[in-house]
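To keep things clear, I will list the structure first and then write my remarks on it.
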Amino acid sequence: MSRRWGEISTIGLTRSILSPSTNCTWFISGNSEDHVTLTFTYIDIYTYRPNTNSSTCDTTFVEVLDGEDEDAPSLGKFCAGTIPPALTSRGSSLVVKLFQRNGVGQGFRATYEISASACGGTLVALEGSFTSPNYPVGYPMNAECIWNVQSSPGNKVLISFRQMAIESSDYCNNDFVEIHEGSSSGTLLGHYCGDSVPGNATAAENIWVLFRSDGEGQAAGFWADYALQHGNELNGSDGEIASPLWPTSGFYSGDFYWRVTVGENMVIRVAFTEFSIGSAPTTQCYDSRISFKIHDGYDETAPTILNQCGQTVPEPVTSTGNVIYIAYKKPVLHGYGSFHLRWSEISPPELQILGSTNITGCGGNFTIGPNNKTTLLSPNYPSPYISNMRCEWYIFTDQLHRVKLKVEDFDVESSASCRYDKVEFYDTADSGDDYVLNSTQCQRTLSGTTLVSKGRSLKIVMVSDASLERPGFNFTISTECGGIIRSMNGEVGRITSPNYGHGNYDHSICFWVLIVRPGRTIKITFNDMNISAPPQGGCTTDYLVLRNGGHPDSPLLGTGRYCGNNKPPDMETSSNRLYVKFLTFSSGGRGFSLTYSEISQRCGGQIMLTEDVREFTFNSPNFNLPPPPYTECEWVISAPPHDAVQIDFLLTFDLTTTFG
């Protein structure tokens with residue numbers, strides 16, 4: 001090849017696997033005064049050992065020779081997924097050889113440039129290195145090099161410097177290396193010269209790096225490493241996530257995760273544009289070592305709303321809260337993996353406002369909004385219901401309210417144990433996962449009574465036998481403020497007083513119990529406070545009470561009782577439960593609005609080691625006593641560039657032994 005620049009690429013880079021015995025040679029030459037610079041941008045070559053489920057580079061590699069024939073000295077043999085720094089010939093020629101025996105992978109891609117000082121390029125491998133021209137001999141004068149380090153959507157790029165030796169100048173105006181997020185017009189992440197090694201730089205998806213030298217002075221240059229960080233915390237109203245190296249589907253491996261958080265009181269819709277996980281023809285993941293899952297919550301302990309492999313693009317899925325957790329596991333020798341999805345913030349499904357329309361028929365799912373009322377009638381009411389019948393009704397409302405049922409009329413075949421005809425009322429279990437029987441009724445004395453659910457749903461079951469049919473029942477269904485709010489997925493939520501945002505509150509008695517995951521605590525932040533307070537002071541008529549626990553007799557949180565117009569400070573419970581009571585005897589204000597969020601136990605955090613702070617001591621909660629049940633702590637320890645972190649356990653290391 002005698003072009004001044006170009007690309008070398010194996011056939012079928014994006015999809016096909018190289019044939020079992022692929023051997024190719026490329027010769028790149030310039031004029032006598034030129035040098036050839038070869039920059040690898042992608043390497044996916046392995047030696048497959050089927051009996052060990054591992055891969056090596058023994059018999060499959062790409063080799064670069066510094067000369068004009070195959071007897072020239074070798075500059076290195078390369079394989080797997082790591083990219084070497086750019087390779088520059090001593091003379092005017094390079095030879096590139098691909099040798100494969102029992103190999104797997106898609107091959108490689110590299111760009112070359114023939115000039116006195118070639119440099120720069122687009123880098124897309126999982127990890128690799130790049131250097132200034134001629135490093136470490138010394139970069140040329142009047143050089144300009146641009147590197148684009150690219151990751152797939154929803155992921156990040158990390159740049160770290162091993163060595164830095166660039167001519168110093170005021171404000172680094174002469175020779176310098178400069179890093180931007182995305183492109184040359186993106187956010188400036190760093191502008192460097194001199195001998196001090198810069199700190200790491202991280203950016204979303206892409207990093208743009210510029211090296212420039214002027215016409216005076218030289219130095220050794222720099223060596224930089226990069227790594228694509230797949231698995232991140234993503235926030236906003238919409239975005240994209242793709243597999244490593246997408247749109248290619250390289251022979252990579254690893255465990256990757258993404259956590260997406262949108263605005264409170266919103267849910268997340270995930271739609272796929274591409275999906276190819278494993279080689280199975282069906283959507284099942286036959287091998288437990290490869291999987292793709294979307295969890296409806298903060299981490300992998302949350303319920304799964306998608307668990308799929310294969311080549312079929314999944315149907316869109318929607319979360320129930322404002323957080324999802326995506327987990328993708330890919331062993332290196334289990335086929336190719338590639339996916340691309342778009343996520344977006346959407347409003348929850350609209351509540352079905354029943355108004356004054358009667359609910360008739362035998363069973364169904366119904367949702368009633370706050371301040372609405374409807375009627376539930378047994379089949380054929382007021383005529384006799386049919387025999388041998390079983391009907392199930394599920395009544396729902398929003399999470400700040402409970403279902404209120406008033407019995408207007410009740411007439412079914414009665415017996416001492418309700419063994420013939422009966423109506424059963426089910427409430428949500430304390431765990432929130434199922435329904436538990438609240439009561440079984442068949443007596444006419446039920447007329448005129450009222451039943452209120454614990455949480456936001458109520459299940460009603462009517463059963464009849466083969467004889468003595470009666471008129472049945474007439475229930476009025478409405479809502480009442482309060483209830484049990486289970487935030488088991490780590491989402492952020494809000495509790496507001498009745499009618500908040502639509503006028504002043506009325507006479508209200510509301511009780512809420514907020515429950516988050518075991519081992520977590522609850523942070524409360526007030527957005528608004530406008531509760532009528534008497535002129536003489538004190539919160540005696542209208543007030544809000546917070547308790548540090550899940551019961552009416554739990555200890556008060558903060559000062560306990562609040563009213564007036566001043567927002568209370570942020571507070572935090574000491575357990576995973578919060579009791580909230582709102583009581584008013586007037587309609588004298590907007591009410592209140594508070595935001596709750598789940599946080600970890602008071603442990604863990606960021607530990608920054610510096611040149612001045614060389615050590616730090618930390619311990620588990622309650623040390624020298626056992627930590628609280630379900631405690632989960634995470635410490636992130638950072639050290640200066642090129643320093644390692646050493647952890648020494650002092651005094652005691654005593655944790656319960658578990659298996660698996």
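Heads up: numbering here begins at 1 and tracks the sequence.
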- Message: Once you measure the plane-to-plane angle for Y325 and H295, does it fall in the parallel (<30°), tilted (30-60°) or perpendicular (>60°) bin?
- Response: tilted
- Message: Ignoring hydrogens and geometry beyond distance, is a side-chain donor-acceptor pair present between S160 and Y226 at under 3.5 Å?
- Response: no
- Message: Applying side chain to side chain contact (heavy atoms under 4.5 Å, CB included), can you list everything that pairs with S593, at least two apart in sequence or on another chain?
- Response: R494, T496, Y500, N527, D528
- Message: Is the distance between the ring centroids of F339 and Y328 under 6.0 Å?
- Response: yes
- Message: Run the side-chain hydrogen bond (donor to acceptor under 3.5 Å, both in side chains) test against S554 and tell me which residues pass, sequence neighbours left out.
- Response: none
- Taking atom types as modelled and ignoring hydrogens, do the side chains of H401 and E480 form a donor-acceptor contact shorter than 3.5 angstrom? no
- Evaluate the ring planes of W512 and F592, with Trp represented by its six-membered ring, and classify them as parallel (under 30°), tilted (30 to 60°) or perpendicular (over 60°). perpendicular
- Message: If we ignore hydrogens and angles and just use 3.5 Å, is the side chain of R456 paired with the main-chain N or O of T397 as donor and acceptor?
- Response: yes
- Message: Could you check whether E598 pairs with R520 (Lys NZ or Arg NE/NH1/NH2 to Asp/Glu carboxylate O, under 4.0 Å)?
- Response: yes
- Output field: ring centroids W258/F292 closer than 6.0 Å: no
- Message: A side-chain contact here means heavy atoms from C-beta on lying under 4.5 Å apart; do N155 and F256 qualify?
- Response: no
- Query: Quick one: does N232's side chain have a donor or acceptor within less than 3.5 Å of a partner on L234's backbone?
  - Reply: no
- Straight-line distance of S152 OG to W246 CH2, nearest 0.5 Å: 8.5 Å
- Quick check: are there more than 12 heavy atoms from other residues, nucleotides or ligands sitting under 6.0 Å from CG of D570? yes
- Report yes if some heavy atom in the side chain of H340 is under 4.5 Å from a heavy atom in the side chain of E240; otherwise report no. yes
- Is any side-chain heavy atom of L514 less than 4.5 Å from a side-chain heavy atom of R577? no
- Message: I need the N206 CG to Q150 CD distance, nearest 0.5 Å.
- Response: 5.0 Å
- Query: Strictly by modelled atom types, are N548 and T573 linked by a side-chain donor-acceptor pair under 3.5 Å?
  - Reply: no
- One should read off an interatomic distance between S338 OG and I277 CD1, to the nearest 0.5 angstrom, of 7.0 Å
- Task: For the residue pair N307 and T304, confirm or rule out a side-chain donor-acceptor distance under 3.5 Å.
- Result: no
- Message: Are the side chains of I241 and I326 in contact, using a 4.5 Å heavy-atom criterion?
- Response: yes
- Task: List the steps and the verdict of side chain to side chain contact (heavy atoms under 4.5 Å, CB included) for E274 and L341.
- Result: CA-CA 7 Å; E274 181 180 323; L341 63 85; over 6 Å; no
- Query: Is a donor on one side and an acceptor on the other found under 3.5 Å between the side chain of S457 and the backbone of I395?
  - Reply: no
- Message: Does the plane of the ring in F272 sit parallel, tilted or perpendicular to the ring in F275? Use 30° and 60° as the thresholds.
- Response: perpendicular
- Excluding sequence neighbours, so at least two apart, what forms salt bridge (Lys or Arg N to Asp or Glu O under 4.0 Å) with E424? K422
- Query: Does any non-hydrogen side-chain atom of T595 lie less than 4.5 Å from one of I495?
  - Reply: no
- Query: Centres of the Y562 and Y543 rings: under 6.0 Å?
  - Reply: no
- Message: Does any part of the side chain of I515, heavy atoms only, come nearer than 4.5 Å to the side chain of I484, both counted from C-beta?
- Response: yes
